2 protein chains.
Amino acid sequence: MTTGTTGIRHPSLIAWMHLMRVYSKMQHHSSDHLDDYDLTPAQFEVLAHLSGSQGISQQSLAEKLLVTKGNVCGLIDRMSAQELVERRADPEDRRSNLLFLTGKGVELASAVIPAHEQYIVQHMEALSPEEQRTLGALLRDLDKYLDHH
Amino acid sequence: MTTGTTGIRHPSLIAWMHLMRVYSKMQHHSSDHLDDYDLTPAQFEVLAHLSGSQGISQQSLAEKLLVTKGNVCGLIDRMSAQELVERRADPEDRRSNLLFLTGKGVELASAVIPAHEQYIVQHMEALSPEEQRTLGALLRDLDKYLDHH
DNA sequence: TATTGTTATACTCTATAACTATA
DNA sequence: TATAGTTATAGAGTATAACAATA
C-alpha cells in the first residue's frame with residue numbers, strides 16, 4: 001500500500017492498509033503465544049476447524065482453509081504424527097478420509113482455543129463493544145461479498 | 001476461531017474471524033494478480049515500501065515489514081538478482097546499506113501498485129464510501145493500539 | 001470421466017544463531 | 001559493547017502436477 005507522498009487516497013486503501021497491519025501484528029504476537037503449545041498458525045486453524053466440525057473430509061478442510069488438498073495432506077501427516085488428529089475411513093466413500101481430533105487433540109484444543117480467544121478479546125479492547133460490533137458487521141459484509149467477487 | 005456450537009460469542013471474536021477471512025481471501029486473489037508480474041506478496045511489500053521511501057536501510061525495512069534482518073537480506077538478494085532493487089553504500093555508516101529501486105524497479109512499481117490499488121478499491125465496493133471510512137477509522141485505532149500492547 | 005487422497009518437486013518465507021565489519 | 005549486514009541451517013507452508021484408488 002504505502003503510496004508514499006500521495007496526499008489523497010481512496011478510503012478503501014486506507015482501510016486495507018490498516019487491515020493488513022492489524023492482521024500482521026495480531027498474527028505475529030499470537031504466533032508467539034501458539035509457540036507455547038508447539039502449534040503453528042496453520043495447525044491451530046486445523047484444530048479450530050475440527051473442533052467445530054469433526055468428521056469432515058480432507059478436501060472439505062482444504063476448502064475451508066483456502067489451501068490445496070496436497071497441503072492438507074501434509075498438514076494432517078504432521079499433526080497425526082503428533083497424535084493430535086486421526087484419519088478414519090469413510091464407510092460411505094472409500095476414496096475419502098474423515099478427520100477427527102484424538103483425545104490429546106481435544107485436550108489441546110480445549111486449552112489453546114479459549115486462551116487464544118482471550119488473547120484476541122484483550123487486544124481488541126482498544127474498541128468499545130459497540131465499535132467491535134460495527135467492525136464485525138462491516139467485515140462480515142465484506143467477507144460475504146468476496147465470496148462472489 | 002470457530003468455536004463450533006457456541007451460540008454467544010464476544011463481538012471481538014466475530015470481528016476477528018471476519019478480519020482473518022477477508023485478509024485471506026483478498027491475499028489469495030491478489031496473489032494471483034501479483035503472479036502476472038512475477039512478484040510474491042512479500043516482494044510486493046518491498047516494492048511498495050521502497051516506492052514510498054527510497055534510501056532506507058535493510059534494518060529499517062525489516063522493522064517495517066515485521067520480519068528479521070536475515071529475511072530482508074534474502075529478499076533483497078532475490079530482488080536484486082532480478083534487478084528490481086539495489087544496495088548502495090551508506091556514506092555515513094559503512095556498516096549500512098541504503099536500498100533503492102532500479103529503473104526497472106520503479107517501472108514495475110508504477111505499473112503494479114496502481115493496478116493493485118485498483119484491485120483493492122474494486123473489492124471493497126461492497127461497502128459505501130462512508131462505511132469504508134468507518135472501517136478505516138476503527139482499524140486505524142486498533143492498529144495504533146497494537147503498537148503498545 | 002470426475003473426485004479423493006497421495007506423492008514428488010520446488011520455491012518462498014520465516015526464525016535462530018553464529019559470524020564479520022564497522023560504530 | 002552494540003549495531004548492520006551476511007551466512008548457514010532448518011522447517012513450515014504453499015502451489016503444481018502426476019498418480020492411484022474409487023465413484
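Just so it is clear, the structure is predicted and the values come from calculations on it, not from any experiment. Just so we're on the same page: letters track the sequence lines, and every chain starts at 1.
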[N] [atom2] sits how many Å from [X] [atom1], rounded?
X: B:Leu99; N: D:dA4; atom1: CG; atom2: P; result: 13 Å
X: B:Glu92; N: C:dA23; atom1: CD; atom2: C1'; result: 13 Å
X: A:Ile56; N: C:dT4; atom1: CD1; atom2: P; result: 13 Å
X: B:Lys69; N: D:dA2; atom1: NZ; atom2: P; result: 13 Å
X: A:Gln59; N: C:dA2; atom1: CD; atom2: C1'; result: 12 Å
X: B:Leu65; N: C:dT14; atom1: CG; atom2: P; result: 8 Å
X: A:Asp77; N: C:dG5; atom1: CG; atom2: P; result: 13 Å
X: A:Asn71; N: D:dA12; atom1: CG; atom2: C1'; result: 10 Å

Quick one: is [N] close enough that its OP1 or OP2 comes under 4.0 Å of any side-chain N or O from [X]?
X: A:Thr40; N: D:dG13; result: yes
X: B:Arg78; N: C:dC11; result: no
X: A:His28; N: C:dC13; result: no
X: B:Arg94; N: C:dT22; result: yes
X: A:Asn97; N: C:dT6; result: yes
X: A:Ser96; N: C:dT3; result: no
X: B:Arg87; N: D:dA4; result: no

Judged by each residue's nearest nucleotide on DNA chain D, which is more toward the 5′ side, B:Asp35 or A:Ala42?
A:Ala42
So what does [X] hit on the nucleic acid, given a heavy-atom distance under 4.0 Å: a base, only sugar-phosphate, or nothing?
X: A:Gly74; value: nothing
X: B:Asp90; value: nothing
X: A:Thr68; value: base

Checking contacts here: which listed nucleotide ([options]) is nearest the side-chain heavy atoms of [X]?
X: A:Val67; options: D:dG13, C:dT14, D:dA15; answer: D:dA15
X: A:Arg95; options: D:dA15, C:dT3, C:dT6; answer: C:dT3
X: A:Cys73; options: C:dT7, D:dA4, C:dT4; answer: C:dT7
X: A:Gln58; options: D:dG13, D:dG5, C:dG5; answer: C:dG5

Ignoring hydrogens, what is the shortest heavy-atom contact between A:Trp16 and B:Gln27? Give both atom names and the distance.
CZ2-OE1, 3.7 Å
Measure across A:Arg133 and B:Pro11 and return the closest heavy-atom pair with its distance rounded to 0.1 Å.
CG-CB, 3.8 Å
Considering only NZ, NE, NH1 and NH2 on the basic side and carboxylate oxygens on the acidic side, decide whether B:Asp147 and A:Lys25 come within less than 4.0 Å.
yes
Given side chains that start at C-beta, do those of A:His29 and A:His33 come closer than 4.5 Å, heavy atoms only?
no
Can you confirm whether B:Leu39 sits close enough to B:Leu108 that some side-chain heavy atom of one is under 4.5 Å from a side-chain heavy atom of the other?
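They are in contact (side-chain heavy atoms under 4.5 Å apart), so the answer is yes.
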Can you tell me which residue among A:Asp143, A:Leu139, A:Leu19 is in a side chain to side chain contact (heavy atoms under 4.5 Å, CB included) with B:Tyr23?
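Single side chain to side chain contact (heavy atoms under 4.5 Å, CB included) partner of B:Tyr23 among A:Asp143, A:Leu139, A:Leu19: A:Leu19.
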